[in-house]
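Here is the structure we will look at, set down as structure tokens.
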Amino acid sequence: GDCIIIHDEL
Amino acid sequence: MNFFRLVADLMHLASIFILLLKIQKTRSCAGISFKTQLLYAIVFVTRYLDLFTTWISLYNTIMKIFFIASSVYILYLMKYKFRATYDPILDTFRIEFLLAGSLVLALIFNYDFVPMEILWSFSIFLESVAILPQLFMLSRTGEAETITTHYIFALGGYRALYLCNWLWRYIFDGHVDVYAWVAGIVQTALYSDFFYIYYTKVLHGKKFELP
């Protein structure tokens, strides 16, 4: 989907 | 990267070093919940699967590897090296419910219905409640070694600072991550009683004792 978040946090 | 997030990550890092220090110095894992440590190991392994798929930064990669490795090492210390000092009678919180509940929530609330994203959500929800066996153990013993309370404080403070980080990122970057926010608020709220006693007792030079 286009609501994907890039998980750039720990 | 902003101030809150950096300090939060360093606090998270510090909490692990404090725990390792406590175990090595006292040569004992008394007062530490194996179940909580097991949950953290599961949290790190399921969240950081993206080590194999996504490159964020060297900082991010090193931290992830450290968190996975240290959590497994702590399990080893508790299960083998200092096994005799661990008291399972005090560590009786039923983590099956936490694992099952987190899985159900992850199947419902995720950013994409694919294994990696479901496991990411699972790790976020599981982390929010992973401290419960430790707090339960604390409530059963009614007191704790000061160094153990520093460990729990650093561990709880890290997510509280993440709340500030998320507010910062929302205001300045429009960054939104609802599941992490809600889980982070729950996680921080679970520590509130502990924070209160830590502040009123430990920071005033007294022993951590439940009223």
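Computed from a predicted model, the values in this text were never measured in an experiment. Throughout, a chain's letter reflects where its sequence line sits, starting with A, and its residues are numbered from 1.
Residue contact with chain A, scored on non-hydrogen atoms closer than 4.5 Å, is absent for B/Phe44. Contact annotation for B/Phe113: neither backbone nor side-chain heavy atoms come within less than 4.5 Å of a heavy atom of chain A. Within the 4.5 angstrom heavy-atom criterion, no atom of B/Val114 approaches chain A. At a 4.5 Å heavy-atom cutoff, B/Trp55 makes no contact with chain A through either its backbone or its side chain. Of the atoms belonging to B/Tyr59, it is side-chain heavy atoms, and not backbone ones, that fall under 4.5 Å from chain A.
The interface of residues 3-16 of chain B with chain A, defined by heavy-atom distances below 4.5 Å, comprises B/Arg5, B/Asp9.
If you tally non-hydrogen atom pairs under 4.5 Å between each of B/Phe67, B/Trp120, B/Tyr162, B/Tyr48 and chain A, the highest count goes to B/Trp120.
Side-chain atoms of B/Ile56 and A/Ile6, non-hydrogen and from C-beta on, do get closer than 4.5 Å to each other. Taking the side chain as every heavy atom from C-beta outward, B/Tyr158 and A/Leu10 never approach each other to under 4.5 Å.
The distance from atom CG of B/Asp177 to atom CD1 of A/Ile5, rounded to the nearest 0.5 Å, is 4.0 Å.
When each of B/Arg47, B/Glu117, B/Met116 is tested with A/His7 by the rule side chain to side chain contact (heavy atoms under 4.5 Å, CB included), just one qualifies, namely B/Glu117.
For OH of B/Tyr80, the number of neighbouring non-hydrogen atoms (other residues, nucleotides, ligands) closer than 6.0 Å is 12 at most. Summarising the local packing, CG of B/Asn2 is surrounded by more than 12 heavy atoms from other residues, nucleotides or ligands at distances under 6.0 Å. Surrounding CZ of B/Arg140 are more than 12 heavy atoms belonging to other residues, nucleotides or ligands, all under 6.0 Å away.
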Under the side-chain hydrogen bond (donor to acceptor under 3.5 Å, both in side chains) criterion, do B/Asn60 and A/Glu9 qualify, and how do the steps go? CA-CA 8 Å; B/Asn60 190 279; A/Glu9 293 176 343; over 6 Å; no
